[in-house]
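Since the model is a prediction, treat every value here as computed from it, not as a measurement. Numbers restart at 1 for each chain; the letters A, B, ... are given by sequence-line order, proteins then strands.
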Amino acid sequence: MLSSPVWRGSPAFSFCLGLVAGGVVIAVALLLVGSLLRAPLPLPVRAGCVLVAAVLVTLRELGVLRFPLPENQRLVPESVFRLGRFAGPFQFGLEMGTGVRTYLPSGLAYLTAVVLLLFSTPVTAVAAGVAFGLGRSLMTTSALHFDDAGGWNLEWSYRSTVVTRVLLVTYLAALAVLISSLS
Amino acid sequence: MLRQRFWHPFTGMAWVVGLTVIAAAVGLRHDGLLPVAGLVAGLALTAGFATSGST
């Protein structure tokens with residue numbers, strides 16, 4: 001649906017804006033919920049929790065372990081588009097951007113949620129929310145501009161294993177730097 | 001063809017990896033709020049790109 005040329009221009013921009021807003025909303029929510037965890041738990045325990053989560057998510061991403069992660073396995077209803085060319089795509093993006101309204105195929109999002117729960121500050125939460133939305137927007141924008149026939153999705157299906165493995169390695173390296181700088 | 005290369009999944013991946021590596025390098029060399037925020041943003045950017053999957 002998002003690959004349709006109809007989505008170009010203003011609707012695509014408002015969709016991406018919604019993705020960023022949704023990312024900020026969920027990051028701030030994790031910051032607030034995490035304040036109950038960060039206060040009683042000492043730093044080494046929090047770092048240990050992130051390490052355990054990282055190992056579990058990595059093994060799951062590599063297919064070694066199989067376990068379900070909580071996700072709302074539904075599509076955002078198309079009824080949101082009745083709101084018009086700006087508000088409709090914005091709400092669609094907002095609901096997708098929070099990650100709690102629809103499918104969430106990568107474990108890295110959950111790992112980021114754990115990091116935010118245990119280590120975030122207001123500045124890092126907003127930065128993470130904006131970056132999460134931009135990451136999702138980059139993929140949507142790429143799919144829209146790749147060609148007019150939905151070829152990006154085909155290309156992604158061929159390359160997804162390589163891309164997700166490279167992203168996993170990059171993520172784990174950056175996470176190691178983060179934990180070492182906080183410890 | 002050039003357009004497809006520019007918007008290819010590998011190109012997006014390269015942008016995300018490049019920015020995250022830069023954030024990690026800054027985080028390694030400097031302490032403080034902004035380097036940490038950059039690192040967390042790099043993590044979230046990577047997670048966001050990986051999460052979208054096929055659109």
(request) Measure across Gln4(B) and Asp147(A) and return the closest heavy-atom pair with its distance rounded to 0.1 Å. (result) NE2-CB, 3.7 Å
(request) For residues Pro9(B) and Glu155(A), report the shortest heavy-atom separation together with the two atoms involved. (result) CD-CG, 3.8 Å
(message) Grouping I, L, V, M, F, W and Y whenever their side-chain heavy atoms are under 4.5 Å apart, do Phe146(A) and Leu154(A) come out in a common cluster?
(response) no
(request) Mind listing the closest non-hydrogen atom pair of Val177(A) and Ala24(B) along with its distance? (result) CG1-O, 3.6 Å
(message) Under 4.5 Å between side-chain heavy atoms, counting indirect links through other Ile/Leu/Val/Met/Phe/Trp/Tyr residues: same cluster for Val24(A) and Leu32(A) or not?
(response) yes
(message) Are Val16(B) and Ile22(B) connected into the same hydrophobic cluster when the rule is that any two of I, L, V, M, F, W, Y join if their side-chain heavy atoms are below 4.5 Å apart?
(response) no
(message) Quick check on Phe67(A): does its CZ atom have over 12 non-hydrogen neighbours (other residues, nucleotides or ligands) under 6.0 Å away?
(response) yes
(request) May I ask you to name which of Leu138(A), Leu175(A), Val115(A), Leu134(A) has the most heavy-atom pairs under 4.5 Å with chain B? (result) Leu138(A)
(request) Give the cluster check for Val169(A) versus Trp15(B): same hydrophobic cluster or not, with ILVMFWY residues linked at side-chain heavy-atom distances below 4.5 Å. (result) no
(request) Please write out which residues are connected to Val123(A) in a hydrophobic cluster, directly or through intermediates, given that two of Ile, Leu, Val, Met, Phe, Trp, Tyr count as joined at side-chain heavy-atom separations below 4.5 angstrom. (result) Leu33(B)
(request) Please name the pair of heavy atoms, one in Ala131(A) and one in Ala41(B), separated by the smallest distance, quoted to 0.1 Å. (result) CB-O, 3.1 Å
(message) Show the nearest heavy-atom pair for residues Val40(B) and Leu116(A), with the distance to one decimal.
(response) CG1-CD2, 4.0 Å
(request) Please tell me if the side chains of Arg159(A) and His8(B) come closer than 4.5 Å, counting only heavy atoms from C-beta onward. (result) yes
(message) Parallel, tilted or perpendicular, judged at 30° and 60°: which one describes the rings of His145(A) and Trp7(B)?
(response) parallel
(request) Measure Leu39(B) against the heavy atoms of chain A and call it side chain, backbone, both or neither at under 4.5 Å. (result) side chain
(request) With the side chain counted from C-beta on, respond yes when Phe10(B) and Val166(A) share a heavy-atom pair under 4.5 Å apart, and no when they do not. (result) no
(message) For Met13(B) versus Leu167(A), what's the shortest heavy-atom pair and its separation?
(response) CG-CD2, 4.2 Å
(message) Heavy-atom cut-off 4.5 Å, strictly under: side chain, backbone, both or neither for Leu19(A) against chain B?
(response) neither
(message) Need one label for Thr141(A): side chain, backbone, both or neither, based on atoms under 4.5 Å from any heavy atom in chain B.
(response) both
(request) Check whether Val64(A) and Val52(A) end up in the same hydrophobic cluster, where Ile, Leu, Val, Met, Phe, Trp and Tyr are linked by side-chain heavy atoms less than 4.5 Å apart. (result) yes
(message) With a 4.5 angstrom heavy-atom cut-off, is it the side chain or the backbone of Leu168(A) that approaches chain B, or both, or neither?
(response) neither
Please report, to 0.1 Å, the donor-acceptor pairs under 3.5 Å made by any side chain of residues 106-114 of chain A, with sequence neighbours excluded.
| residue | atom | partner | partner atom | Å |
| --- | --- | --- | --- | --- |
| Ser106(A) | OG | Leu108(A) | N | 3.1 |
| Tyr110(A) | OH | Pro70(A) | O | 2.6 |
| Thr112(A) | OG1 | Leu108(A) | O | 2.8 |
| Thr112(A) | OG1 | Tyr171(A) | OH | 2.8 |

